[in-house]
Each structure stands twice: as structure tokens, then as C-alpha cells.
Student: 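My questions will all concern the structure given below.
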Amino acid sequence: METPSSVRDMSEFASSDEDGMDWEEVVPSSYGQDGNTGLQDTLEIDVPGQQPIEITLPTAKSKEQAKKTQARARTLEWRAQQVVRLESHKLHTVCLLSSAWIRNKWINDPLLHARLMSMTPMPIQNSFLMIHKKFQPDPVQRGRLFQAAVGRLTKWWHENFEVHPNGHITSKTFNEALREPQADDNIREPLRGPKSLMKHALAWYGSRDTSALLFTALCRALGVPARLVVSLQSVPWRRSVERTDGPDQSASKKDPKGKGKARAVENGGQESSASDTLDTGKTKPAPKSVTKLKGSKRKSIKSRSATPKHFSLTAEEISPTMWTEVFSRADMRWLPVDPIRNIVNQRQKLEPHPQDKANRMVYVVAFEEDGFARDVTFRYAKAFGGVTVKSRPGGKLRTDGWWESVMSMVTRPYRLKRDDIEDEEFVIKQVTEGMPTSMTGFKDHPVYVLERHIRQTEVIHPKREVGKFRGESVYHRSNVLALKSSENWMRVGRRVREGHQPLKMVKARATTVHRRRALEMAQAETGEESLQGLYSEAQTELFIPDPVIDGKIPKNDFGNIDLYVPSMLPRGAVHVPHKGTAKIARELKIDYAEAVTGFEFRKGHGIPILTGVVVAEEHEELLLDAYWESVHDAEEKERLKRTERVIQRWTKLIHGLRIRKRMQEQY
DNA sequence: CTGATTAAGGTGTCTTTGAAATTG
DNA sequence: ACAATTTCTTTGACACCTTAATCA
């Protein structure tokens with residue numbers, strides 16, 4: 001029995017035929033090809049002709065089934081994983097946000113401020129005090145003075161505070177984050193509170209993050225409004241991020257230890273001083289030269305595993321994930337300051353290098369002294385609309401509002417003048433971000449659209465062109481309208497207004513057997529494919545169903561009532577959403593209609609989900625009373641049944657015991 | 001050589017009113 | 001015997017996206 005099935009397996013590979021009829025022919029021919037042993041041949045000869053068919057058919061079926069179930073299991077697993085990824089990302093983001101929030105509190109510590117002040121040379125302290133309307137009435141001049149003072153402060157800090165290469169927060173891919181921590185991992189510098197910070201301040205030594213924290217604290221100590229800016233490095237939720245990490249990942253599966261080392265190379269490579277980092281045997285050492293590698297060496301080396309994706313970036317190219325924004329009162333602007341690299345007011349330098357896998361700019365949050373925060377990602381991400389927002393959950397343009405709701409927890413409940421100014425800056429940035437320069441940049445762009453990228457159920461209306469891209473018209477995303485067929489509008493309780501023409505015609509879709517047949521009939525008659533009209537929301541109105549007259553509920557062709565949304569309940573009617581009410585209503589001779597609240601799918605059939613009934617208002621009480629009574633009755637019945645059962649069991653037990661006793665007494 | 005195109009394969013969305021067997 | 005209820009199983013077509021290879 002084993003032989004035919006194994007042969008069948010092989011022949012299936014040879015000629016992926018799955019039809020039982022073909023097997024009769026395929027099986028012998030594949031024997032010849034395989035050149036099997038005589039034993040198997042004799043077996044085949046011994047077996048009567050029909051036997052292979054009898055065996056193969058069920059196996060073929062079960063195999064196909066197995067394939068299907070496997071595919072389904074894969075899909076389910078993928079879905080589950082996707083959920084895990086997304087939730088992990090969200091949770092991680094919130095954790096990092098709170099971590100930053102707490103650190104932002106720490107750096108308000110008055111003792112820390114005093115300590116830092118005591119370490120700061122007087123001339124630098126004084127340079128801030130000198131900026132005042134009294135001494136310098138011209139705001140432009142004051143702004144310049146302020147910037148110069150911040151520059152001096154940053155330079156002084158940069159020269160004196162020693163930054164060690166590890167210990168700061170880095171971005172990890174999902175798989176990396178799942179992995180157990182390794183001994184040689186980049187361990188984060190532990191900070192337990194303002195006291196830990198103070199120790200670092202005294203020692204003039206700490207991680208990048210510590211440097212930024214202390215610098216922000218110092219600014220606040222000096223009376224300069226300063227924000228702690230944090231670029232949250234949460235695990236990416238998208239699978240593609242993992243894949244593009246390529247060889248690192250695939251190697252890790254076989255050799256987790258090597259992975260740890262490989263990662264160490266990545267992290268160490270950030271600080272080019274750490275040129276003595278470890279290397280795995282397989283990975284080619286990335287040149288530690290100062291020149292940055294833009295392209296990959298994929299062309300020269302075909303083998304996947306041999307292509308390392310480590311890029312050595314100079315210290316100057318490694319952007320921090322924490323920095324400071326100081327507020328220039330004179331020109332009402334926030335100036336970014338990177339104390340680690342001595343960079344003042346050069347926001348473009350804070351966006352990480354695209355090759356820097358340890359720093360992904362997705363959320364940049366600025367915490368102010370009062371603990372409130374604002375999302376300032378737009379200021380730093382060059383292509384904020386084009387690229388950055390796309391890597392937030394909800395994906396693409398369909399934002400699910402999650403991030404907004406998270407930020408609302410830390411947003412100041414009232415607005416300041418400077419908030420308005422900042423928002424204006426954001427709007428200006430959005431407009432001047434400019435059109436993307438590539439086709440891919442236009443795809444899912446929040447501001448611009450090309451006609452080729454709109455969906456089947458979308459239309460550009462009005463067609464107001466705002467530019468051209470390689471001969472194609474560019475439109476504003478706000479002019480894209482989502483459309484639905486009249487049936488689909490009905491599913492959300494809306495009806496197409498009379499006299500409105502569809503904005504677009506698309507091929508009608510048929511998924512159920514019933515509907516497909518109907519469409520085919522129509523096609524055979526007219527000789528052309530049936531089309532379906534799509535309408536915009538503005539072309540529709542709220543559907544008002546016919547009211548209840550004399551207690552009679554309006555019904556559809558199936559004898560039910562459509563109640564996809566509450567607004568579809570007719571005037572004078574009530575929805576009683578309890579199971580079993582239909583039976584009671586019928587017994588009471590009340591006119592009713594079962595409420596269809598949705599659909600469920602089974603075997604290509606849409607099946608309505610019935611949720612209770614709709615009856616006239618005047619019958620509600622009667623029906624409900626009867627319903628609760630029936631529920632009560634059912635409970636009572638159940639209780640009686642239970643008691644009876646209990647009594648029965650007790651009786652049985654006692655009888656048993658009595659018999660046992662008698663037996664013991666007698667013998 | 002970058003970025004567009006394309007092909008292939010995977011993923012996501014939309015679809016939208018049974019039949020058979022068993023029980024009371 | 002008949003009606004009511006439970007169980008059965010979990011689609012399929014196609015748009016759209018991603019990825020890798022190829023092309024300009």
C-alpha cells in the first residue's frame with residue numbers, strides 16, 4: 001500500500017496532475033522514468049488495475065485538503081503574527097513615550113539644576129542674562145545673540161562631556177527584539193532617577209541619551225525654555241522592515257550567537273572608533289573607513305549570505321535619538337540643538353541616515369518643562385508626508401487615530417501662542433515639502449495623487465490639476481472621493497438621491513453562485529459586461545424607511561427588515577434584539593419582522609445575521625413581558641430539571657450505601 | 001546607476017438570504 | 001408527521017501590494 005502512494009507523490013511532482021482520470025495513465029509512465037526496483041514493479045503488477053485509482057483518489061483528495069488547510073493555517077498564523085506585531089509596536093511606542101516622559105520629569109530636579117549650574121562657566125551663564133529687551137531692543141539682534149549664546153553653550157558641552165559609544169536606545173527589528181539578550185549586546189545605560197543623572201554630570205561621562213538629558217536640564221537651569229526631544233525607537237510593525245535587513249536575519253536563524261556578534265558590529269560600527277569589533281566568519285567585514293557606502297555590494301557578490309549590510313557611518317552621520325529644542329523668545333521659534341555633535345539649529349542633520357538601521361525616525365516627540373508634549377516629527381523628517389507617516393500603524397493613508405489618541409494623553413489641554421506658530425510651521429512645511437520626485441513617492445502621498453494610483457472605487461472630483469509629473473496630471477488628495485454602489489450605500493443606511501448619475505462605472509462583481517448566474521444572464525442578453533454605478537456620499541441621503549402603519553412592519557422581499565444601522569428602524573417601531581422573540585411574537589399574533597443586522601459567509605453563500613425582531617411600539621411591552629416570562633419559564637424548567645437530577649443522584653447514592661451496608665452486615 | 005516597469009506571488013477586501021440532519 | 005432548530009463548514013474573485021528581476 002505504501003508503494004503506490006509514494007509513487008503517486010513522485011508523479012505528482014513530475015506532472016502536477018490532480019485529476020483521478022489521468023492517474024491511470026500517469027502512474028505507469030512515471031514508473032518507467034523512475035526506474036524503480038523490481039519489487040515495486042511486481043507490486044504494481046500484482047495489484048488489479050482499479051486498485052491504484054481506489055487508493056489515489058482519496059489520497060489526492062486528502063492531499064489537496066491538506067494543502068488547503070495548510071494554506072489556511074498559514075494565513076491564520078500570518079494574521080495572528082500581524083496582530084502581535086502591531087500590538088507590540090503600539091505597546092512599545094507607548095512604553096518608550098512614558099519612559100521619555102519620566103526622564104523629562106527627572107531633568108527638572110532642582111538639585112540637578114544647581115549642580116549643572118555650578119559646573120557651567122560664568123561667561124556662558126551671563127551671555128544668556130544679557131539678552132533682554134532692556135539691553136537690546138531689536139528682536140532680530142536678540143535672536144542672533146540668543147543663537148550665539150546657545151552655540152557657545154553647546155560647544156562647551158560638546159568639548160567637556162564625554163560620550164561613550166554604547167548605552168543609548170537603538171532601534172531593533174521585531175525578530176531582534178524577540179531574541180533573548182546576549183552577553184555582548186549593547187546594554188542600555190541604567191538610569192534610576194535624577195541621582196543617576198547627577199552622577200553622570202559629575203563624571204562628565206555618559207551615553208548619548210544621558211548627554212542629551214543633561215544638556216536639556218542645563219538649558220532649563222539657565223532659564224532657557226527647553227524641550228527634551230525624543231525619537232521613539234519602537235519595533236517596526238511591518239514585515240518588510242524585517243526582510244530588508246536581509247542576511248543578518250537569515251543567518252540568525254541558524255546561528256543566533258553569530259547574530260549577536262553581527263549586531264555588535266552594527267552597533268559598534270556607529271562609533272567608528274570601535275574598529276576592533278567582532279566579525280563572524282561568514283560576514284565580510286564592512287570597511288571601517290570614513291567614506292560612507294551608499295550602494296550595496298550586491299552586484300559583485302551573488303551569494304545572499306555573503307553580502308553584509310553593515311554600513312559604517314561616521315560619528316557625524318549618526319544622528320541621536322534624543323536631543324534638545326531651545327525656544328528663542330525673540331523670534332518665537334524652537335531651535336534644535338544636538339549637544340552630542342555640537343549642532344545648533346540645523347534640523348536637517350537630525351534625520352538619521354537611511355542606512356542607519358539602529359535609528360528609524362517615525363515619531364519625534366518634544367517634551368516641555370511642564371510635562372506636556374507635542375509631535376514634532378514634521379520638523380525633522382525631510383519627507384514627512386511622503387515617507388515617514390507611512391511607517392506609522394494604520395499604515396498608508398488610512399490612519400487609525402491610534403497615535404493621535406496616544407499623543408492626546410500628553411498634549412497640553414490649552415494652547416499657547418507658540419503652539420499656534422508651530423502648527424503654522426507644520427502647515428507651511430506640508431505645502432513646501434513639495435511634490436515627490438519619483439513615482440513611488442506619489443503613491444499613497446498624503447497631499448498629492450496621480451490618477452493612476454487611485455483605487456477602483458475612487459474618483460478625482462473636481463478634477464483640479466495642481467501640477468504635472470512627467471506629463472501626468474497631479475491632483476490634490478482632498479479631491480479624491482470614495483465611492484460606493486447604491487447597494488453598498490444602503491448597507492450603511494443611505495440612499496442615492498433621486499436623479500443623481502453615477503460618477504463612475506465599474507465591472508459588477510459576483511461572488512455568489514446565484515448572483516453570478518443572474519449577471520451571466522444579463523450579459524447574454526445585452527451582449528456586454530454588466531456595469532455597476534458608483535456614487536459619492538454627497539450624492540446620497542439618509543435612508544428613511546416607511547413608517548409603521550396600524551402596527552404593520554414594512555418588510556423586504558425575504559420577509560425581514562434590513563437594520564444595518566439604527567437609523568434604518570422605521571418610525572413607530574422598536575427593535576427587540578433578543579433571541580427567540582420571533583417565536584413569541586408569532587404566538588402573540590403580533591406583526592413582526594426579523595431584523596437583519598449583517599451577513600455571515602459560508603460556502604459562497606451570504607447568510608443574514610438575524611438579531612431579534614422589529615415590532616410596532618405599541619406591542620413592545622407586551623412582547624417584552626412575554627419574552628421575560630418565557631425566559632423565566634425556561635430558567636424555572638431548567639432548575640426543576642436540575643433538582644430532579646440531583647434528587648435522583650442522591651437517591652442512587654443512598655440506595656447504594658444502604659446496599660453496601662447490608663452486604664457488610666450480612667457477610 | 002537609480003528608478004521605472006513588469007511579472008509573479010502573496011495579501012486584503014468585498015461579497016451580502018442554504019441544505020441537511022436532528023429534535024420536539 | 002411536521003415544523004423548528006441545530007449543525008454543517010469556513011468562499012472565491014479580484015484588486016492591490018510587495019518583491020525581485022529587468023530595463024532604460
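Chain letters run A, B, ... following the sequence lines, proteins first, then strands; residues in each count from 1.
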Student: Would you find more than 12 non-hydrogen atoms of other residues, nucleotides or ligands less than 6.0 Å from A/Arg470 atom CZ?
Tutor: yes
Student: Could you check how far CD of A/Gln532 sits from C1' of C/dA13, rounded to whole Å?
Tutor: 14 Å
Student: Looking at B/dT16, B/dG3, B/dT17, which one has an atom nearest to any side-chain atom of A/Val596?
Tutor: B/dT17
Student: Taking only N and O in the side chain of A/Arg491, is any of them less than 4.0 Å away from OP1 or OP2 of B/dC14?
Tutor: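 No, no such contact exists.
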Student: For B/dC1 versus C/dC23, give the span between their C1' atoms, rounded off to a whole number of Å.
Tutor: 12 Å
Student: Does the B/dT17 base have a donor-acceptor partner in the side chain of A/Asp557 within less than 3.5 Å?
Tutor: no
Student: When the P atoms of B/dT16 and C/dT6 are compared, how many Å lie between them, rounded to an integer?
Tutor: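 C/dT6 and B/dT16 have their P atoms separated by 28 Å.
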Student: Need to verify one output field. Residue with the more 5' nearest nucleotide on DNA chain C, A/Glu600 or A/Arg586?
Tutor: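 Whichever sits nearer the 5' end wins; that is A/Arg586.
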Student: Between A/Lys484 and B/dC14, is there a side-chain N or O to OP1/OP2 distance below 4.0 Å?
Tutor: no
Student: Nearest whole angstrom, please: distance from the C1' of B/dT16 to the CG of A/Leu563.
Tutor: 16 Å
Student: Report the distance from atom CD of A/Gln456 to atom P of C/dC17, rounded to the nearest whole Å.
Tutor: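 Answer to the nearest Å: 12 Å.
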Student: Could you check how far CD1 of A/Ile607 sits from C1' of C/dT6, rounded to whole Å?
Tutor: 13 Å
Student: Using the salt bridge (charged side-chain N to carboxylate O under 4.0 Å, His left out) rule, take A/Lys552 and A/Asp546 through it: C-alpha gap first, then chi angles, then the decisive distance, then the call.
Tutor: CA-CA 11 Å; A/Lys552 212 162 157 47; A/Asp546 295 335; over 6 Å; no
Student: If we ignore hydrogens and angles and just use 3.5 Å, is the side chain of A/Arg491 paired with the main-chain N or O of A/Tyr564 as donor and acceptor?
Tutor: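 Judged by distance alone, no pair lies under 3.5 Å.
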Student: Write down the distance separating the C1' atoms in C/dT11 and B/dC14, rounded off to the nearest Å.
Tutor: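 Approximately 12 Å lies between the C1' atom of C/dT11 and that of B/dC14.
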Student: Please tell me if A/Lys443 has a side-chain N or O lying less than 4.0 Å from either OP1 or OP2 of C/dC17.
Tutor: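 Answer is yes, contact under 4.0 Å.
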Student: For A/Ile609 and B/dG18, what is the distance between atoms CD1 and P respectively, to the nearest whole Å?
Tutor: 15 Å
Student: Looking at B/dT5, I'd like to know if its phosphate oxygens (OP1 or OP2) sit under 4.0 Å from a side-chain N or O belonging to A/Arg452.
Tutor: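 Affirmative; the distance criterion is met.
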Student: For A/Phe558 and B/dG18, what is the distance between atoms CZ and P respectively, to the nearest whole Å?
Tutor: 7 Å
